[in-house]
Number of protein chains: 2
Amino acid sequence: MPIVHKATHDPKMCQKMLLPVRDSLEFLNGKWKIPIIIALSFGNRRFKELASEIEGITDKMLSKELRDLEQNQLVKRTVYDTVPVKVEYSLTDYGHSLDKVIEELRNWGTQHRKRIMRKSS
Amino acid sequence: MPIVHKATHDPKMCQKMLLPVRDSLEFLNGKWKIPIIIALSFGNRRFKELASEIEGITDKMLSKELRDLEQNQLVKRTVYDTVPVKVEYSLTDYGHSLDKVIEELRNWGTQHRKRIMRKSS
DNA sequence: CGGTATCCCTGAGGATACTG
DNA sequence: CAGTATCCTCAGGGATACCG
């Protein structure tokens, strides 16, 4: 199904379609949010677990992105009052609202990679 | 439906899910590809038409992104042998394979914007 | 363990001018 | 009309060190 069903030159209409798409991409952009979300979709994780499972990420980036994800309510941060302190991160229900988006991105990426490989062979 | 159905700590499995998603995001990233694709989904366009319909884009960026989209077979460039020369850009069938991805991004973006608005009121 | 603080660098993209 | 060529800015993110 096409995105648009009737030819038009109205820039306002473009804008209206564009804004939410840009919102999503702006949010998902950057190297680390998706890796973090996928890692957490495998189960709850502690800070250092994430740091070692997500290849290449620095503590600074992990910390920053987790804070951002928490503020956007996609991730929940739970502090356990033990010694030493234990912090656990988990995906919220809202975090799972990205499942469909990620799945579409994955489908297209898989398919596109095949196509590009084929071309350059 | 969850992305993953069984808890695991296997980083290899994360990687395998991650790669195609990163491919997609890497490709869609940047400010201009989605605006161009959406504009073209409204019908075929000439260079200057795109330049004026896509707010804020420079000739340089438009030219560069169109070349990239053409190389990836999402967009077709047709040169008409008139004086002065007329160049028309159109979405290929493959270009439309992004429809579902864009739709999901739009859905999530719309919904997320509402959620964020509500929170900050 | 669970992070911060600093410093630094690269490249995406903007501004402007020019060409066939 | 349909682009190129140059120069420049700035923010995302890396490296490294440190803290409670």
Side-chain angles (χ1 to χ4, degrees), chain A residues 9 11 18 21-40 43-72 75-91, chain B residues 9 18 21-40 43-72 74-91:
Chain A
H9 282 238
L18 205 52
V21 182
R22 294 217 57 74
D23 283 349
S24 295
L25 282 177
E26 204 167 304
F27 181 76
L28 294 176
N29 263 357
K31 285 177 73 169
W32 303 117
K33 282 203 183 68
I34 297 280
I36 292 171
I37 289 170
I38 291 185
L40 287 177
N44 298 356
R45 290 291 188 275
R46 303 177 62 170
F47 189 88
K48 286 293 179 191
E49 289 174 341
L50 286 173
S52 69
E53 279 177 40
I54 300 172
E55 231 162 309
I57 197 167
T58 60
D59 287 354
K60 172 188 157 188
M61 279 298 114
L62 180 55
S63 166
K64 187 197 148 207
E65 298 294 47
L66 282 171
R67 216 177 307 136
D68 196 9
L69 289 166
E70 196 194 350
Q71 269 160 16
N72 282 275
V75 161
K76 185 167 161 236
R77 181 177 184 268
T78 311
V79 182
Y80 293 95
D81 196 8
T82 58
V83 182
V85 69
K86 174 182 166 184
V87 179
E88 198 170 67
Y89 292 91
S90 55
L91 264 194
Chain B
H9 282 239
L18 206 51
V21 182
R22 295 217 56 74
D23 283 348
S24 295
L25 282 177
E26 204 167 304
F27 181 75
L28 294 177
N29 262 357
K31 286 177 73 169
W32 302 116
K33 282 204 184 67
I34 297 281
I36 292 170
I37 290 170
I38 292 185
L40 286 177
N44 298 357
R45 291 290 188 276
R46 303 177 63 172
F47 188 88
K48 285 296 180 189
E49 287 175 341
L50 286 171
S52 69
E53 278 176 41
I54 300 171
E55 231 161 309
I57 199 168
T58 62
D59 287 355
K60 171 188 158 189
M61 278 298 115
L62 180 54
S63 165
K64 186 195 150 209
E65 299 295 46
L66 282 171
R67 215 177 306 138
D68 197 10
L69 290 167
E70 196 195 349
Q71 268 160 17
N72 282 275
L74 299 166
V75 161
K76 184 166 162 238
R77 181 178 185 268
T78 310
V79 182
Y80 293 96
D81 195 8
T82 58
V83 182
V85 68
K86 175 181 165 183
V87 179
E88 197 172 67
Y89 292 92
S90 54
L91 263 193

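Order of the sequence lines fixes the chain letters, A, B, ..., with proteins taken first and strands second; residue numbering starts at 1 for each chain.
A:Y80 comes within contact range of no nucleotide atom at all, as no heavy-atom separation falls under 4.0 Å.
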Annotated protein contacts, base or backbone, on nucleotides 13-20 of chain C with a non-hydrogen cut-off under 4.0 Å, one of B, S, - each: BBB-----

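Protein atom CG of B:L62 is 18 Å distant from nucleotide atom P of C:dA12, rounded to whole Å. Here C:dG2 presents its P atom at 9 Å from NZ of A:K86, a figure rounded to the nearest Å.
With sequence neighbours excluded, the residues that form a side chain to side chain contact (heavy atoms under 4.5 Å, CB included) with A:K86 are A:R46, A:Y80, A:T82, A:E88. With sequence neighbours excluded, the residues satisfying side chain to side chain contact (heavy atoms under 4.5 Å, CB included) with B:R77 are B:E70, B:V79, B:V87, B:Y89. Under the salt bridge (charged side-chain N to carboxylate O under 4.0 Å, His left out) criterion, B:K60 pairs with no residue at all, not counting sequence neighbours. With sequence neighbours excluded, the residues satisfying side chain to side chain donor-acceptor pair (under 3.5 Å) with A:S63 are A:R67. Looking at residues two or more places apart in sequence or on another chain, you find no salt bridge (charged side-chain N to carboxylate O under 4.0 Å, His left out) involving A:K64. For B:K33, the salt bridge (charged side-chain N to carboxylate O under 4.0 Å, His left out) test picks out B:E65, B:D68, with sequence neighbours left out. Applying the ring-ring contact (aromatic ring centres under 6.0 Å, His included) test to A:F27 and every residue at least two apart in sequence or in another chain returns B:W108, B:H112. Take A:N29 and apply the side chain to side chain contact (heavy atoms under 4.5 Å, CB included) test, not counting sequence neighbours, and it matches B:N29.
Taking CG of B:L50 as the reference point, atom CG of B:L40 lies at 5.0 Å (rounded to 0.5 Å).
Protein chain B contacts DNA chain D from D:dC1 to D:dC7, reading 5' to 3' and using non-hydrogen atoms of the protein with a distance under 4.0 Å.
Overall bending of the helix from C:dC1-D:dG20 to C:dG20-D:dC1, expressed as the angle between end axes built from five pairs apiece, is 50° (10° steps).
The two residues B:L28 and A:L25 have their closest heavy-atom pair at O-CD1, 4.2 Å.
Put simply, A:Y89 has no side-chain N or O that comes within less than 4.0 Å of OP1 or OP2 on C:dC1.
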